[in-house]
Every structure is written in C-alpha cells, then in structure tokens.
Amino acid sequence: MSHDQQRRNDLASPAAVQLNHTAVYATDRRLSAEFIAAVLGLEVGAPFGPFLPVDLGNGVTLDYYEKRDEPIQSQHYAFLVPDDRFSTMIARLDTLGVTYYADPGHTEPGRINRLFGGRGAYFEDPDGHNMEIMTRPYIRS
C-alpha cells in the first residue's frame with residue numbers, strides 16, 4: 001500500500017468527527033453567556049470549572065471563559081436556527097437595543113439577508129464577537 005493510500009485510509013469519515021465544545025473568551029462570562037442565550041432562546045448552564053456553558057441543540061457547547069488580562073480578539077460564530085424562530089430572535093435583538101446587519105462587515109444596519117433561500121443577520125455580542133443567525137446553511141461548491 002502506498003503512503004497516500006495509507007493516509008486516506010487513516011483519515012476519519014467527516015461524519016465521524018464532530019465539534020463538541022469551544023471556548024468563547026469574554027470580559028464577563030455571565031454577561032456574554034446570558035446575552036447569547038437570551039437572543040437564541042436558550043439557557044445558561046451551571047458553571048463547569050472556569051467555564052459557563054451554553055448548550056446548543058446539536059450537542060455543541062459554547063464554554064464562556066473570562067479573560068480580563070488582555071483585549072478580546074473578535075471571533076465569528078454562526079448559528080443555524082429554525083426558520084420559524086428567526087423573527088423572534090430579531091425581535092429580541094431589537095428589545096436588547098442591539099443593531100443587526102445583513103452583512104458580515106456590518107454596513108447594512110437594520111436589514112437581513114436572504115442567502116440561499118433563507119434569512120440571516122449579523123450582530124455583535126458584548127465583547128465584539130461577530131455573531132450570525134441564519135436559517136439555511138451556506139451552499140459550498
């Protein structure tokens with residue numbers, strides 16, 4: 001068996017590999033976890049060591065971790081949400097006074113996009129992470 005064939009055999013099927021959790025840096029873990037939970041209609045879990053978890057519907061956990069000794073580097077988190085809950089999430093953003101945008105560069109305030117036949121919007125969390133809600137996954141060629 002060639003080296004390339006062995007390497008292909010050693011690779012896991014993409015379906016066998018799943019994201020389980022990721023740390024989300026925050027200056028105030030409770031504030032940030034409660035913010036995203038409020039927008040998405042989820043609950044904040046009990047602290048787990050230094051982490052404050054928000055469990056998502058597909059078994060992935062956002063583990064909010066407080067980091068106060070240096071600036072938070074903005075990251076992007078995209079959430080695939082049910083179409084029938086999207087408008088409620090937009091209304092929650094309005095209630096919280098959070099501006100949402102149709103684009104990731106935040107140049108189209110108060111608008112949503114309609115990519116791939118769905119609806120989507122971007123907004124910042126309390127630490128400037130670029131959050132996205134979308135009702136259809138992106139189609140990749």
Is there a path of hydrophobic side-chain contacts, each under 4.5 Å between heavy atoms of I, L, V, M, F, W or Y residues, that connects [X] with [Y]?
X: Tyr65; Y: Ile72; result: yes
X: Phe35; Y: Met89; result: yes
X: Tyr64; Y: Leu19; result: yes
X: Leu93; Y: Phe79; result: yes
X: Ile133; Y: Ile36; result: yes

- prompt: Do Gln75 and Val24 pass the side chain to side chain contact (heavy atoms under 4.5 Å, CB included) test, and can you show the C-alpha distance, the side-chain angles, and the key distance before you say yes or no?
  reply: CA-CA 8 Å; Gln75 300 293 316; Val24 180; over 6 Å; no
Could you tabulate the donor-acceptor pairs under 3.5 Å formed by side-chain atoms of residues 106-117, not counting sequence neighbours?
from	atom 1	to	atom 2	distance (Å)
His106	NE2	Asn130	OD1	2.7
Thr107	OG1	Asp103	OD2	2.7
Glu108	OE1	Arg111	NH1	3.0
Asn113	OD1	Leu115	N	3.4
Asn113	OD1	Gly120	N	3.3
Asn113	ND2	Ala102	O	3.0

Residue pairs passing the salt bridge (charged side-chain N to carboxylate O under 4.0 Å, His left out) test where at least one lies in [range], sequence neighbours excluded:
range: residues 69-82; answer: Lys67-Glu70
range: residues 72-85; answer: Asp83-Arg119
range: residues 29-38; answer: Arg30-Glu34
range: residues 123-136; answer: none

message: Given 3.5 Å as the limit, does a donor-acceptor pair link the side chain of His129 with the main chain of His76, or not?
response: no
Which pairs of donor and acceptor atoms, one on a side chain in residues 37-60, lie under 3.5 Å apart (sequence neighbours left out)?
from	atom 1	to	atom 2	distance (Å)
Asp55	OD1	Thr61	OG1	2.7

Nearest 0.5 Å please: distance from the [atom1] atom of [X] over to the [atom2] atom of [Y].
X: Thr22; Y: Leu62; atom1: OG1; atom2: CG; value: 7.5 Å
X: Ser87; Y: Arg92; atom1: OG; atom2: CZ; value: 11.0 Å
X: Tyr122; Y: Tyr77; atom1: OH; atom2: OH; value: 15.5 Å

Close side-chain approach of Val81 and Thr135, heavy atoms under 4.5 Å: yes
Check residues 94-101 and write down every donor-acceptor pair under 3.5 Å in which the side-chain atom is one partner and the other belongs to a residue at least two apart or another chain.
from	atom 1	to	atom 2	distance (Å)
Thr95	OG1	Ala91	O	3.0

